[in-house]
Protein chains: 4
Amino acid sequence: MARTLGSSGPATLEAIRRAGLRLIYERGYEAMSLRQLASEIGMSQGSLYNHIATKQDLLFLLVRDHMQDLLDHADRALDGITGASERLIALVEFHVAYHIDRKREVFMSYSELRSLEPRNFEVIVAMRKAYETKLIAILREGSAAGLFTITDHQAAAYGILAMLAGILNWYNPKGRLSKKELAAIFVEMVQGAVYDRSAEARVSPAPLPVKARARTVA
Amino acid sequence: MARTLGSSGPATLEAIRRAGLRLIYERGYEAMSLRQLASEIGMSQGSLYNHIATKQDLLFLLVRDHMQDLLDHADRALDGITGASERLIALVEFHVAYHIDRKREVFMSYSELRSLEPRNFEVIVAMRKAYETKLIAILREGSAAGLFTITDHQAAAYGILAMLAGILNWYNPKGRLSKKELAAIFVEMVQGAVYDRSAEARVSPAPLPVKARARTVA
Amino acid sequence: MARTLGSSGPATLEAIRRAGLRLIYERGYEAMSLRQLASEIGMSQGSLYNHIATKQDLLFLLVRDHMQDLLDHADRALDGITGASERLIALVEFHVAYHIDRKREVFMSYSELRSLEPRNFEVIVAMRKAYETKLIAILREGSAAGLFTITDHQAAAYGILAMLAGILNWYNPKGRLSKKELAAIFVEMVQGAVYDRSAEARVSPAPLPVKARARTVA
Amino acid sequence: MARTLGSSGPATLEAIRRAGLRLIYERGYEAMSLRQLASEIGMSQGSLYNHIATKQDLLFLLVRDHMQDLLDHADRALDGITGASERLIALVEFHVAYHIDRKREVFMSYSELRSLEPRNFEVIVAMRKAYETKLIAILREGSAAGLFTITDHQAAAYGILAMLAGILNWYNPKGRLSKKELAAIFVEMVQGAVYDRSAEARVSPAPLPVKARARTVA
DNA sequence: AATGAATGAGTATTCATTCAT
DNA sequence: AATGAATGAATACTCATTCAT
């Protein structure tokens with residue numbers, strides 16, 4: 001087939017990225033072939049190379065742009081918010097929402113780290129570290145303010161991020177919990193994990209008021 | 001040439017599994033070739049097929065056996081322990097230790113789910129669910145006993161497991177934290193996440209005793 | 001390296017078909033490797049797949065196109081000819097000539113039926129049946145006209161076709177008998193096999209010149 | 001599994017031959033693997049080599065023994081019969097019956113000639129020629145006696161044999177025609193093909209029972 | 001910017017055969 | 001006579017990439 005009239009360069013690149021993202025999400029980078037990708041968007045294999053340099057390049061672009069987007073949105077979500085508690089809540093809420101809304105990009109950025117060439121890998125890891133650093137800074141701020149009780153800030157930050165990131169593996173938008181409810185649940189859990197706790201709430205037997213709406217698992 | 005002396009059947013299979021595990025961990029299932037695998041253990045490609053049926057079969061065996069091992073060890077770790085709090089602590093400690101000690105198997109079992117054929121996938125997912133169910137049961141028991149305050153037991157369980165599983169992505173045995181310290185940190189965080197909290201510990205300003213040993217990130 | 005100058009798409013496919021036909025004829029479909037095929041026409045194995053989908057596909061194309069050709073030529077050979085005797089003679093003469101001229105295609109179409117996938121097999125068998133039906137129709141017409149004495153039209157048709165098809169297994173164009181002589185011999189035998197045994201039923205009542213020169217076997 | 005008690009050498013060889021015959025008939029020599037063969041008879045691949053030298057050897061044994069059997073049975077069928085007409089009838093009847101009864105051996109012996117190594121090929125071709133020679137001799141005898149009118153004895157013999165051999169490709173023992181009827185039909189056709197076309201030359205002057213029941217094709 | 005045809009290295013898997021046990 | 005494990009070469013097919021047009 002000859003080229004589709006009206007499809008200009010940037011639009012084609014965008015189509016490649018969209019299809020690439022989906023295929024990498026569904027099959028994985030190694031398992032995705034450029035043949036599939038080309039046929040998905042109705043173009044020949046060779047033509048792809050007018051838009052991307054290599055398969056690795058496509059992966060890197062997708063991951064890097066997503067990471068930049070993540071950083072930008074996180075900054076925006078935190079913009080103007082002060083106080084470690086408030087910033088923690090804002091970051092958790094943003095993180096949950098983003099992981100649900102951009103499920104495929106986020107998943108790809110975790111799972112295909114291994115497929116990145118060393119040079120590209122380093123770039124992405126640095127961006128990831130920048131994101132983690134945002135949370136660590138908030139935790140430190142809260143600790144300094146006497147709000148949080150954290151044994152190891154890095155471990156806590158990694159733990160929190162992992163807990164939230166896990167959501168994308170099981171969250172079902174048509175399921176029991178709305179995005180808002182989910183965010184609330186995880187805000188609560190994160191708070192519990194980092195806040196100072198009164199000694200009597202510990203393993204101690206003292207039973208406490210039952211939560212009214214303790215739901216059952218779907 | 002005939003067989004290499006001294007190599008017997010079960011030993012060869014074990015060598016294949018060991019090398020397969022390592023290669024899948026390092027490169028991913030798709031990226032690992034049976035050529036590499038064979039050359040790693042010093043045997044011809046064709047000979048692999050005296051021990052495994054297919055590449056997929058090798059993956060499945062590795063993942064399935066690991067999952068069974070995980071379930072068995074979890075049962076053993078919980079054996080004889082009563083009380084939701086105590087059982088929660090035991091499970092978290094076991095989980096952390098296991099994820100550190102069996103890093104490669106665990107990582108593979110998460111990251112290569114996608115590479116499993118539908119039939120195999122279902123088997124593994126069922127085993128995974130059985131594991132998750134152990135934690136959910138403990139959380140329910142704690143809620144029923146008035147110990148825990150959990151909005152959604154499934155979400156909480158998934159969150160906890162994800163938080164702990166994340167450890168394998170960054171834990172360095174030669175690093176700052178010992179396995180024991182790490183377990184203690186995460187036991188604390190998990191407890192905070194599920195225990196009832198006294199209202200005044202919430203977002204509220206009430207400052208609490210600063211932790212003495214607030215460490216800095218490595 | 002890029003493509004060899006001067007080799008265009010259709011020409012390459014034609015080269016593949018030609019070489020494929022020859023190799024299948026000489027070695028059989030199973031025994032022919034695409035490696036051989038590619039090297040015969042001076043191209044890499046992978047390039048074959050720009051022209052054919054699979055090895056099976058190549059076989060099917062060759063057999064199907066040959067069968068269509070056979071049907072078309074048979075129709076042309078019978079076109080405008082009336083009378084069962086005349087049509088029988090025309091078909092036999094055509095059949096003999098075609099089996100000699102297109103020896104490889106014909107042989108392949110018989111001997112590789114077994115190698116066709118079920119779906120493809122059915123297509124070819126239907127075409128073959130269409131050809132057989134042409135002869136059966138002629139025999140029936142002749143029987144109805146009182147010219148032929150045939151116990152079972154299907155058996156007779158199969159017998160005749162098998163007798164003629166056998167020619168390709170032993171006919172030698174440089175041998176004793178010319179194509180024309182051969183056709184005459186088999187026309188005679190077929191006539192004898194189906195005609196009513198009363199002399200006047202013959203198409204050419206004039207008995208063929210006695211072979212004083214009864215030849216010896218080559 | 002250890003060896004089955006009571007299975008002695010010759011019995012095992014016989015099992016190999018039986019399974020080999022069936023597999024070669026069903027899939028072709030090239031497509032049959034010794035792995036399949038071994039598993040069919042419940043023995044390991046390696047053990048086959050206690051009974052056969054090579055795969056090629058198995059093929060050769062099967063074809064050669066069948067050819068010898070064919071020759072022996074043909075001799076027996078002709079034994080004591082005199083007169084070209086009578087001998088022709090006897091050979092045709094035998095040939096038809098044998099091709100129906102030993103369908104797989106016969107088919108294999110035609111279709112796998114190509115798979116025989118040159119040395120083996122020559123042996124089999126010589127045996128085949130010996131068989132053909134029997135028919136040619138009968139035809140010559142009939143011609144000399146003025147019974148047959150044959151332009152070329154070799155061509156006639158090949159034509160007759162091909163016509164009869166074709167039967168195995170379509171004959172269905174549960175079908176319309178019995179083996180006896182089939183033999184009668186082909187005896188008639190062969191006679192028509194070779195007899196002098198004067199009615200009195202017929203072997204049985206009494207016209208064969210009219211086929212009031214000229215059947216239609218199934 | 002697009003294409004079709006090419007390439008060479010690579011894929012998992014199968015093969016007939018060998019041989020120590 | 002049987003087996004399990006080994007081998008090396010072969011199989012059809014796929015891959016990312018190149019490039020003349």
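These numbers come from the heavy atoms of this one structure, side chains and all, not from hydrogens, waters or symmetry mates. Each chain gets a letter, A, B and so on, in the order the sequences are listed, and its residues count up from 1.
Listed by chain and residue number, D65(B) satisfy the side chain to side chain donor-acceptor pair (under 3.5 Å) test with R17(B) (two or more places apart in sequence, or in another chain). Taking the salt bridge (charged side-chain N to carboxylate O under 4.0 Å, His left out) definition, one finds that E112(B) meets it with R114(A), sequence neighbours left out. Under the side-chain contact (heavy atoms from CB on, under 4.5 Å) criterion, V125(A) pairs with F121(A), not counting sequence neighbours. Residues meeting the ring-ring contact (aromatic ring centres under 6.0 Å, His included) test with H51(B), sequence neighbours left out: none. Taking E14(C) as the reference, nothing meets the side chain to side chain donor-acceptor pair (under 3.5 Å) condition, with sequence neighbours excluded. Partners of E105(D) by salt bridge (charged side-chain N to carboxylate O under 4.0 Å, His left out), not counting sequence neighbours, listed by chain and number: R102(D). With sequence neighbours left out, the ring-ring contact (aromatic ring centres under 6.0 Å, His included) criterion links Y25(C) to F107(C).
When each of dT3(F), dT18(F), dA2(E) is scored by its nearest atom to the side-chain atoms of S47(D), the top-ranked nucleotide is dT3(F). Among the nucleotides dA2(F), dA5(E), dT3(E), the one closest to the side chain of T12(D) is dA2(F). Taking every side-chain heavy atom of M43(C) into account, dA6(E) is the closest of dA6(E), dA2(E), dT17(F).
Applying the salt bridge (charged side-chain N to carboxylate O under 4.0 Å, His left out) rule to pairs touching residues 36-63 of chain D yields R22(D)-E40(D), sequence neighbours excluded.
Residue N50(D) contributes atom CG, which lies 5 Å from atom C1' of dA1(F) at whole-angstrom precision. Atom pair Y49(B):OH and dA16(E):C1' shows a separation of 17 Å (rounding to whole Å applied). Computed from coordinates, the L48(C) CG to dT7(E) P distance equals 10 Å when rounded to whole Å. Between the P atom of dA6(E) and the CD1 atom of I16(C) lies a distance of 8 Å, rounded to the nearest Å.
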* Yes or no on side chain to side chain contact (heavy atoms under 4.5 Å, CB included) for L168(A) and R104(A), after CA distance, side-chain angles and deciding distance? -> CA-CA 9 Å; L168(A) 65 81; R104(A) 299 188 303 193; over 6 Å; no
Check: residues 28-38 of chain A side-chain donor-acceptor pairs under 3.5 Å, at least two apart:
{"from": "Y29(A)", "atom 1": "OH", "to": "Q56(A)", "atom 2": "N", "distance (Å)": "3.0"}
{"from": "S33(A)", "atom 1": "OG", "to": "R35(A)", "atom 2": "N", "distance (Å)": "3.3"}
{"from": "S33(A)", "atom 1": "OG", "to": "Q36(A)", "atom 2": "N", "distance (Å)": "3.1"}
{"from": "Q36(A)", "atom 1": "OE1", "to": "R27(A)", "atom 2": "NE", "distance (Å)": "3.3"}
{"from": "Q36(A)", "atom 1": "OE1", "to": "S33(A)", "atom 2": "N", "distance (Å)": "3.0"}

* To do: Both distances under 3.5 Å, Watson-Crick or G-U wobble: on that basis, could you give the dot-bracket string for DNA chain E, with [ ] for crossing pairs and | for other-strand partners?
  => .||||||||||||||||||||
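Annotation: side chain of I124(A) is not in contact with side chain of S109(A) (no heavy-atom distance under 4.5 Å).
OP1 or OP2 of dT3(E) sits under 4.0 Å from a side-chain N or O of S44(A).
Only H51(C), listed by number, bring a heavy atom of residues 51-65 of chain C to less than 4.0 angstrom from any atom of DNA chain E. Contacts with DNA chain F (heavy atom under 4.0 Å) in residues 26-41 of chain A: M32(A), S33(A), L34(A), R35(A), listed by number.
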